[in-house]
Structure formats: C-alpha cells, structure tokens
Amino acid sequence: MDANFQESFEPTPFLVVIMTYLGFLPLLLFGKLRDFFRKYNIEKSKMPTESPKMMHFPPLYREFEAFFTRNLYRRGCDCFNRPICSVPANKFTLVERVSDDYGWT
C-alpha cells in the first residue's frame, strides 16, 4: 500500500444526518421503555439469564452494546440476515425460517 495514500469521503448532507437521527430516535425511546418494563417485570425478558455463581465475572458487553443488541439489532436481523440455499447468482432461493420466540434463539 502506498505510504502517501489518504482515503477521503464526500461530506454527508445535513438533511441525511437529521433524518437518520430522527429514524433512530423512536427505536431508542421504545428500547428504553422496554428496558424499563423488563426491569420491573412488566414485560418478560426472553434473553438468557446469567447463572448466580457467574455474577462476579465482568460483563461481556458494555451497557449500550447490550441495549443495541436487545432492542435495535434484533429488529433488523430478520431483514438482513437471510440465508440462501442456492448458488449466489442473478436468481437465488431464500431459506424460510420460522421462529416461535421472535428470533431470540
């Protein structure tokens, strides 16, 4: 790779930035609301729980990473994590997946 290489990106339009933030804002607010409901056992948590004897270990994820995985990533993984069961070409076949627990397992 050339030592003088400098990667450059075109600037993002301000309207695109604002619309992106406005698109994520409802997801973040609903996620915080759902975490509040889970904290007080109003909504049942479908996530696996930690064993009591493992509580003294440090958490695997930071707080926002776990929040993002629980509330934002799970909503989009059904759209974007679609396995195919044929050769990638101009036409391909998708695997139909069925989940009784909304994609938690």
Side-chain angles (χ1 to χ4, degrees):
M1 189 171 220
D2 186 17
N4 296 326
F5 177 75
Q6 185 175 1
E7 191 171 13
S8 64
F9 298 100
E10 61 185 64
T12 306
F14 188 67
L15 182 62
V16 172
V17 172
I18 295 296
M19 294 305 289
T20 303
Y21 284 144
L22 288 176
F24 270 102
L25 186 63
L27 293 175
L28 291 171
L29 291 175
F30 281 121
K32 288 293 184 182
L33 184 66
R34 291 186 72 193
D35 277 354
F36 176 78
F37 288 156
R38 286 186 202 112
K39 181 178 179 181
Y40 293 106
N41 294 327
I42 298 170
E43 178 183 346
K44 181 183 174 199
S45 179
K46 298 179 182 85
M47 289 187 61
T49 57
E50 239 180 282
S51 172
K53 63 182 178 182
M54 301 293 223
M55 289 293 187
H56 63 278
F57 287 105
L60 292 176
Y61 300 107
R62 293 187 181 135
E63 185 178 346
F64 185 74
E65 291 173 351
F67 172 80
F68 184 84
T69 303
R70 264 192 325 270
N71 296 303
L72 302 174
Y73 176 73
R74 292 268 178 224
R75 294 181 186 276
C77 79
D78 186 45
C79 298
F80 298 108
N81 296 350
R82 303 295 300 236
I84 61 173
C85 60
S86 64
V87 178
N90 58 352
K91 291 185 180 180
F92 54 88
T93 308
L94 290 175
V95 175
E96 289 296 325
R97 296 184 291 182
V98 176
S99 175
D100 296 328
D101 58 357
Y102 304 105
W104 284 96
T105 57

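Throughout, numbering of the chain's residues begins at 1 and tracks the sequence.
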Side chain to side chain contact (heavy atoms under 4.5 Å, CB included) partners of V95, counting only residues at least two apart: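 V95 satisfies side chain to side chain contact (heavy atoms under 4.5 Å, CB included) with P83, C85, R97 once adjacent residues are dropped.
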Other hydrophobic cluster members with [X], side-chain heavy atoms of Ile/Leu/Val/Met/Phe/Trp/Tyr under 4.5 Å, chained?
X	answer
L25	L29
L94	I84, F92
F24	L27, L28, F64, F67, F68, L72, Y73

Output all residues satisfying ring pair (Phe, Tyr, Trp, His ring centres under 6.0 Å) with Y40, sequence neighbours left out; order by chain, then residue number.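 By the ring pair (Phe, Tyr, Trp, His ring centres under 6.0 Å) rule, Y40 matches F36.
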Please report the closest heavy-atom contact between V16 and T20, naming both atoms and the distance.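 Residues V16 and T20, closest heavy atoms: O-OG1, 2.7 Å.
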Keeping T93 on the side-chain end and S86 on the backbone end, is there a donor-acceptor pair under 3.5 Å?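 Side chain of T93 to backbone of S86: no pair is present.
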State which residues pass side chain to side chain donor-acceptor pair (under 3.5 Å) with E43; sequence neighbours excluded, sorted by chain then number.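 Per chain and number, E43 pairs via side chain to side chain donor-acceptor pair (under 3.5 Å) with R34.
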Under-4.0 Å salt bridge between D35 and K32: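 No salt bridge links D35 with K32.
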